[in-house]
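Order of appearance sets the numbers: ligands from 1, and atoms from 1 within every ligand. All residue numbers in this chain count up from 1 along the given sequence. What you see is a predicted model; the values in this text were computed from it and never measured.
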Amino acid sequence: MNWLKEQSLEDQEIQNNLLATCKIPKHIGIIMDGNGRWALERGLSRTEGHKQGIESVRDIVKASAQLKIGYLTLYAFSIENWNRPLTEVGILMKLLEHYLKSEIDEIDENNIRLYSIGKLSSLPKKVQRLLFEAVERTAKNTGLTLTLALSYSGRWDIVRAVQMLVHDVRRSKLAPEDITEETFSSYLQTNILPDPDLIIRTSGEMRLSNFLLWESAYSEIYISNKYWPEFRRTDLYEAIIDYSRRERRFGRTSEQVVSQSKTIEFQSEKSLNTR
Ligand code: IPE
Ligand code: IPE
Ligand code: MG
């Protein structure tokens with residue numbers, strides 16, 4: 001099903017308004033938290049919370065694709081999550097397997113490029129195979145890049161990058177003095193993604209829990225009090241509106257930022273007038 005066709009007129013109008021009035025982040029990262037608490041408060045099992053969480057994933061992926069967001073990275077399972085009770089880990093892996101099987105056709109049909117980061121070798125073989133096939137199958141798609149962070153942790157990726165870098169230095173492929181932030185970034189698994197502009201965390205928790213540690217140096221952080229299973233597209237729109245109102249200074253003063261954006265406006269007006 002083509003997602004653009006199934007969109008309601010009302011939602012289309014809201015999105016058009018967002019596109020006309022807001023700065024849309026190029027890359028959004030989401031720490032999807034609160035499935036368990038959502039279920040507990042409703043007298044349901046944690047499994048039900050995770051299942052309902054997948055409905056939120058579906059809606060947010062669709063809305064992001066419709067809004068033509070370039071990159072969406074979803075933190076679905078951390079390395080630390082392996083320490084949860086075995087039964088919960090098993091259920092999460094089964095749900096992941098089911099998600100990949102049932103969604104891949106629609107993901108591909110909608111021009112989504114699937115990508116994954118994390119210590120994938122720890123995942124069950126079946127999941128690894130499905131992921132690999134999905135990534136291969138959608139590699140040439142040009143729409144939203146949907147990255148699943150699975151068995152992922154930011155520190156793990158940084159240490160892995162250091163190991164590979166040292167290896168290259170030893171083989172004289174890289175000189176220590178050539179190690180810059182850019183070269184270092186190129187060793188991270190996220191090297192095909194721009195740094196996230198906006199990181200959303202649900203369930204009111206105010207921490208990164210090992211998500212994109214290096215990449216989030218200048219990300220705007222938005223905390224939603226909703227649990228992940230109840231976080232839907234209207235909540236995403238609110239986060240984007242909030243992001244759009246922020247001034248990203250990257251260490252500069254507010255005056256510098258304002259004058260720089262005026263110069264850019266002036267230059268683009270000039271180039272329009274001379275066309
Ligand atoms: C997020 O919800 C899903 C994963 C981390 C896999 P949680 O399962 O962490 O839910 P809470 O935080 O216990 O409510
Ligand atoms: C963060 O949620 C990891 C994911 C959303 C995958 P957790 O529930 O594992 O985080 P903590 O333990 O509360 O920090
Ligand atoms: Mg949690």
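- Shortest contact from atom 10 (O) of ligand 1 to any protein heavy atom: Gly36 N, 2.9 Å.
- Between the side chain of Ser56 and the backbone N or O of Trp228, at least one donor-acceptor pair lies under 3.5 Å.
- Relative to the six-membered ring of Tyr152, Lys119 misses at least one condition, a distance below 6.0 Å or an angle of at most 45° to the axis.
- Of all the heavy atoms of Asn81, the ones lying under 4.0 Å from any atom of ligand 1 belong exclusively to the side chain.
- By the 4.0 Å heavy-atom criterion, Gly34 is counted among the residues contacting ligand 1.
- At a 4.0 Å heavy-atom cut-off, ligand 2 does not touch Phe211 at all.
- Compare Glu41, Glu80, Glu205, Arg84 by their heavy atoms: the one nearest to atom 8 (O) of ligand 1 is in Arg84.
- Contacts between Arg37 and ligand 2 below 4.0 angstrom, taking non-hydrogen atoms only, are absent altogether.
- Contact annotation: for Met32 versus ligand 1, heavy atoms closer than 4.0 Å belong to the backbone alone.
- Only the backbone of Ala76 comes within 4.0 Å of ligand 1, judged by heavy-atom distances.
- Shortest distance from the Mg ion (ligand 3) to Asp33 is reached at OD1 (N/O/S atoms only).
- Here the side chains of Ile60 and Phe231 are in contact, with some heavy-atom distance below 4.5 Å.
- For atom 14 (O) of ligand 2, a protein non-hydrogen atom is found at a distance below 4.0 Å.
- The proximity of Ala149 to ligand 2, defined as any non-hydrogen pair under 4.0 Å, does not occur for either the backbone or the side chain.
- Between Asp33 and ligand 1, a contact under 3.5 Å exists for at least one N or O pair.
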